[in-house]
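Down below is the structure, laid out as C-alpha cells.
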Amino acid sequence: MKKIYKSLLLGCVCCCVTATTLILLSCDKYLDVLPDNRAALDTDSKITDLLISAYPETVDCMLAELYCDNTDRNEGSGYTAMTQSPFQEQAATWQEITAITQDTPYALWDHCYKAIGAANNVIIAIDKLGRPDRLKAQLGEALLCRAFCHFRLSNIFCQAYSYKTCDQDLGITYITVPESEVSPVYERGTMAELYRHIEADILEGLPLISDNLHTVVKYHFNRKAACAFAARFYLYYMQEDKSNLDKCIRYASEVIGADPSATLRDWETLGKIPINDAQRGNAFVSADDRANLLILSTKSYWYYVFGATSLGMKYTHNDKIATSESIKARGFWGDYNNYYFDVYTDSDKPKVMMYKLPQFMQIVDVTKNTGNPRMQIPVLTSDACIIDRAEAYALKGDYDKAYGDLTSWLHAFTRQTGTVDAALLEDVYGQSDDIGIDIPSGMTSKGMRYYTPTEPTPKKRLNPDFTVTEGEQENLIHAILHARRVTTIHEGQRWQDVKRYGIEIYRRNIKDGNITVYDTMAKDDPRRAIQLPAQVIKAGITPNPR
C-alpha cells in the first residue's frame with residue numbers, strides 16, 4: 001500500500017469525472033488501482049469532457065499571500081490564527097507546512113498533478129486516434145493545461161527562473177505520460193529543463209486553441225487566455241539578452257488589442273455595485289466581465305482569512321501594510337480615494353481588503369446543510385496582462401510604450417485622467433530623503449525613500465538577476481510593481497514579484513502600532529522555494545534545500 005500511495009502523491013490521474021474528485025482526501029479509493037483509464041476515452045465527447053478535470057481545484061493565492069509581504073502578525077485581544085488547521089500560522093511565519101488541508105502545498109501539488117494526469121490522458125487518447133483535425137482544439141487545450149499546471153507548481157516549489165543558475169536550480173517533475181507503474185521513480189530535473197518543457201507545450205498548443213469548443217469559454221483556455229499565459233511565461237522566462245520580452249509583448253498585444261479601454265475591466269461600473277450579499281464579488285469573478293480571461297473554480301478557505309470575518313486575525317494584510325506600502329499607499333495615481341474600487345477597513349479587525357473574491361458553498365449534505373467552501377478566481381485577466389506588457393516594455397527600454405500602458409491602466413482603475421510620464425514617476429518614486437507617503441492626492445512631494453521594515457514605503461530595493469538601471473527605468477519598475485500589487489491584491493501574484501526581483505521581505509509583529517521584526521527573508525533565502533509536502537519527500541522526491 002505504501003508504494004501505491006507514493007505514486008498517488010505525484011498525482012491521481014484517474015479519468016473518472018465524479019463528485020468524489022472534488023474532495024481533496026477522497027483519492028484513497030483509487031489506491032488499489034493504477035490511475036490510468038485511457039481505454040474509456042473512446043469517443044470525442046468523452047475526450048472533451050475529461051478536459052474539465054485538466055484544471056486544478058486548488059490555487060496558490062492564499063498560500064502566496066501569506067508568504068509574501070502582504071502579511072503581518074498582529075498582536076491584540078482576540079487575535080488568533082485559524083484553529084482548524086496550523087496552515088495559516090505555518091505559512092505566515094515561513095515554517096515547514098505540515099497541514100494537508102485545502103490551500104496548502106499538499107493540496108496544490110495533489111490537484112495540479114491530478115489535472116496534469118487528466119491532460120496527459122487526453123493527449124494520449126488523441127494520439128491513439130492519429131491526431132485527427134476534429135480534435136485539434138482538445139489537443140491544444142490539454143497541452144496548455146499541462147504547461148499551466150507545471151508553471152503554477154514551479155512558481156511555488158522552485159526558485160524564480162534565472163538564466164544564471166537555471167542549469168543548477170531544481171525544477172519539478174514534468175509529467176508527459178500517464179503512469180503505467182505502481183511506484184515510478186521521478187527526477188525533478190532543473191529549471192532550464194522545466195521551462196523548455198513548458199515552452200514546448202505552449203508553442204504546440206496555443207495555435208490549436210479554439211473559442212468554439214466550449215459553451216462558456218472563460219472556464220477553459222480560450223485564445224486570449226492562452227496568449228495571456230504565454231505573455232506571463234515569457235516575462236518570467238528572462239534571458240540574458242532579454243529577447244523573450246519581445247514574445248511577452250507580442251502575446252500580450254493580442255490580448256489587449258488596439259484599444260485597451262475596450263479590453264480592461266470596467267472598474268467604474270464595478271465599483272458602483274453594492275458589496276452586500278457578495279454582489280460586487282460575483283460581478284468581479286463573472287465570466288461576463290470582459291477582463292476575465294480564465295476563471296478557475298476551486299475549493300478554498302481563503303475567504304475566512306482574507307474576507308470580512310473575525311477568523312484568522314493574527315496574520316493578515318493589515319492597515320500598517322495597506323497604508324504604507326500597498327493598496328492605501330500613495331502611488332502615481334495619488335491616494336486610494338482615487339480608485340473606482342473601494343478599500344474596506346474594519347476598525348475592529350486588523351484586515352484591509354477589496355471585495356473581489358466571494359465564497360460560495362458546495363453543499364455535500366442537504367439535510368445537515370453542510371458543504372465545502374469554494375471560490376471562483378480569475379487567474380488570467382487583461383488587467384494583469386497590460387501590466388505584464390508594461391513591465392516588458394520598461395525592461396526593454398521602450399519607456400514611452402510602458403508609460404502608455406500605465407496610463408491605460410490608470411484611466412481604467414482610477415478617476416485620474418492625466419498621463420503617466422517620466423516626470424510624474426520621478427516625483428513619486430525618485431530618490432528622496434523624505435518618506436513621502438502621507439501626501440493625500442496631490443503630487444507635490446518629490447520622491448520616496450526606500451523601504452525599511454520600521455519605516456515602510458512602497459519602494460523596495462530591487463535585486464534581480466537581470467539589469468535594472470537607476471533613474472527612469474527603476475522608477476518605471478517601482479510604478480509597475482506597485483500597480484500590480486494593488487490590482488492583484490489577495491490573488492497571490494505579489495509573491496512572484498518578490499521572488500523575481502529579489503526583494504528582501506520581513507516578518508513583522510505589530511502591537512499597538514509598534515513594529516518588531518522577528519525574521520528576514522533575503523534575496524537568496526532558500527525558503528523562497530516553498531518546501532515540498534512531507535508526504536512527497538517521504539515518497540522519494542528530492543526536497544528543496546534548507
Side-chain angles (χ1 to χ4, degrees), residues 59-76 78-82 87-94 103 275 280-281 284 300-331 335-337 339 341-359 375 377 384 413 437 451 453-454 456-460 481-499 503-511 513-519 521:
V59 289
D60 57 17
C61 59
M62 184 170 170
L63 173 62
E65 285 292 296
L66 288 170
Y67 242 78
C68 77
D69 51 355
N70 283 340
T71 296
D72 272 335
R73 182 167 71 188
N74 310 298
E75 292 290 343
Y79 294 172
T80 62
M82 290 285 288
F87 168 58
Q88 184 193 14
E89 184 146 19
Q90 289 176 340
T93 55
W94 303 332
D103 304 296
I275 61 175
R280 187 181 299 180
F284 179 84
S300 179
Y301 297 114
W302 175 95
Y303 182 79
Y304 296 125
V305 173
F306 294 102
T309 74
S310 297
L311 301 173
M313 294 195 293
K314 188 173 182 179
Y315 300 98
T316 66
H317 176 255
N318 57 26
D319 196 61
K320 183 69 72 174
I321 298 173
T323 301
S324 61
E325 55 179 297
S326 66
I327 58 178
K328 292 174 69 176
R330 169 181 169 264
D335 74 3
Y336 70 98
N337 291 307
Y339 300 158
F341 210 73
D342 296 333
V343 174
Y344 176 78
T345 304
D346 189 331
S347 59
D348 296 329
K349 302 180 182 70
K351 296 184 179 184
V352 180
M353 68 203 76
M354 289 182 170
Y355 279 98
K356 295 166 59 176
L357 303 175
Q359 177 180 278
M375 72 175 184
I377 178 169
F413 193 76
I437 60 172
Y451 171 101
T454 55
T457 74
K459 180 181 175 181
K460 300 191 174 182
L481 295 180
H482 198 183
R484 184 184 287 119
R485 190 174 184 182
V486 168
T487 308
T488 64
I489 190 71
H490 313 317
E491 297 173 31
Q493 286 196 43
R494 174 65 180 174
W495 177 232
Q496 304 312 318
D497 285 350
V498 166
K499 292 173 65 172
I503 297 172
E504 186 170 274
I505 60 175
Y506 304 87
R507 290 292 78 149
R508 307 185 308 174
N509 189 75
I510 311 299
K511 184 177 182 180
N514 298 315
I515 299 173
T516 304
V517 176
Y518 65 91
D519 201 355
M521 185 178 286

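Since the model is a prediction, treat every value here as computed from it, not as a measurement.
- For the pair Ile505 and Tyr67, the tightest heavy-atom approach, listed with the atom from each and the gap, is CD1-O, 3.7 Å.
- For the pair Phe306/Leu66, a side-chain contact is recorded, criterion being any heavy-atom separation below 4.5 Å from C-beta on.
- Nearest heavy-atom pair across Ala81 and Lys314 is N-CB, 3.6 Å.
- Atoms CZ and CZ, on Arg280 and Phe341 in that order, are 5.0 Å from each other to the nearest 0.5 Å.
- Proximity of Ile321 to Asp69: side-chain heavy atoms (C-beta onward) are nowhere separated by under 4.5 Å.
- Panel note: side chain Arg507, backbone Ala92; a donor-acceptor pair is recorded below 3.5 Å.
- Using a 4.5 Å heavy-atom threshold, the side chains of Lys460 and Val498 count as separate.
- Using a distance-only test at 3.5 Å, with no hydrogens or angles considered, a donor-acceptor pair links the side chain of Gln88 to the main chain of Met82.
- The backbone N or O of Asn509 lies less than 3.5 Å from no partner atom in the side chain of Glu75, so there is not a single donor-acceptor pair.
- Within the model, atoms CE of Met521 and CH2 of Trp94 stand 4.5 Å from one another, a figure rounded to the nearest 0.5 Å.
- Gln493 contributes no side-chain N or O that, together with a main-chain N or O of Arg484, makes up a donor-acceptor pair within less than 3.5 Å.
- Contact between Pro453 and Arg508 at its shortest, heavy atoms only, is O-NH1, 2.8 Å.
- Here Tyr518 contributes atom OH and Arg73 contributes atom CZ; the two are 4.0 Å apart, rounded to the nearest 0.5 Å.
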Is there a side-chain contact (heavy atoms from CB on, under 4.5 Å) between Val305 and Leu311 once you walk through the steps?
CA-CA 6 Å; Val305 173; Leu311 301 173; over 6 Å; no
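- A distance of 6.0 Å separates OH of Tyr339 from CZ of Phe413, quoted to the nearest 0.5 Å.
- When the ring-ring contact (aromatic ring centres under 6.0 Å, His included) test is applied to His482, the partners found at least two apart in sequence or on another chain are Trp333.
- Residue Ser300 holds its OG atom at 9.0 Å from CG of Leu357, rounded to the nearest 0.5 Å.
- No donor-acceptor pair closer than 3.5 Å links the side chain of Trp495 to the backbone N or O of Leu63.
- With rounding to the nearest 0.5 angstrom, the OH atom of Tyr344 is 11.5 Å from the CG atom of Asp342.
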Evaluation steps, side chain to side chain donor-acceptor pair (under 3.5 Å), between Thr309 and Lys351
CA-CA 9 Å; Thr309 74; Lys351 296 184 179 184; 3.1 Å; yes
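- Between the side chains of Asn74 and Thr316, at least one donor N or O lies within less than 3.5 Å of an accepting N or O.
- Among the candidates Glu504, Glu325, Lys459, the single residue satisfying the side-chain contact (heavy atoms from CB on, under 4.5 Å) test with Tyr451 is Glu325.
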Using side-chain contact (heavy atoms from CB on, under 4.5 Å), reason through Tyr336 and Val486 one step at a time and then give a plain yes or no.
CA-CA 10 Å; Tyr336 70 98; Val486 168; over 6 Å; no
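- Closest non-hydrogen pair, Tyr79 versus Met313, comes out as CD2-CE, 3.8 Å.
- Of the residues listed (Leu481, Thr71, Ile489), the one engaging Arg494 in a side-chain contact (heavy atoms from CB on, under 4.5 Å) is Leu481, and it is the only one.
- Here the side chain of His490 pairs a donor or acceptor atom with the backbone of Met354 at under 3.5 angstrom.
- The nearest pair of heavy atoms linking Pro458 to Ala329 is CG-CB, 3.8 Å.
- Considering every non-hydrogen atom in both Gly492 and Glu65, the closest pair reads N-OE2, 3.0 Å.
- Contact check on Arg485 versus Asp497 returns no salt bridge, with no Lys/Arg side-chain nitrogen under 4.0 Å from an Asp/Glu carboxylate oxygen.
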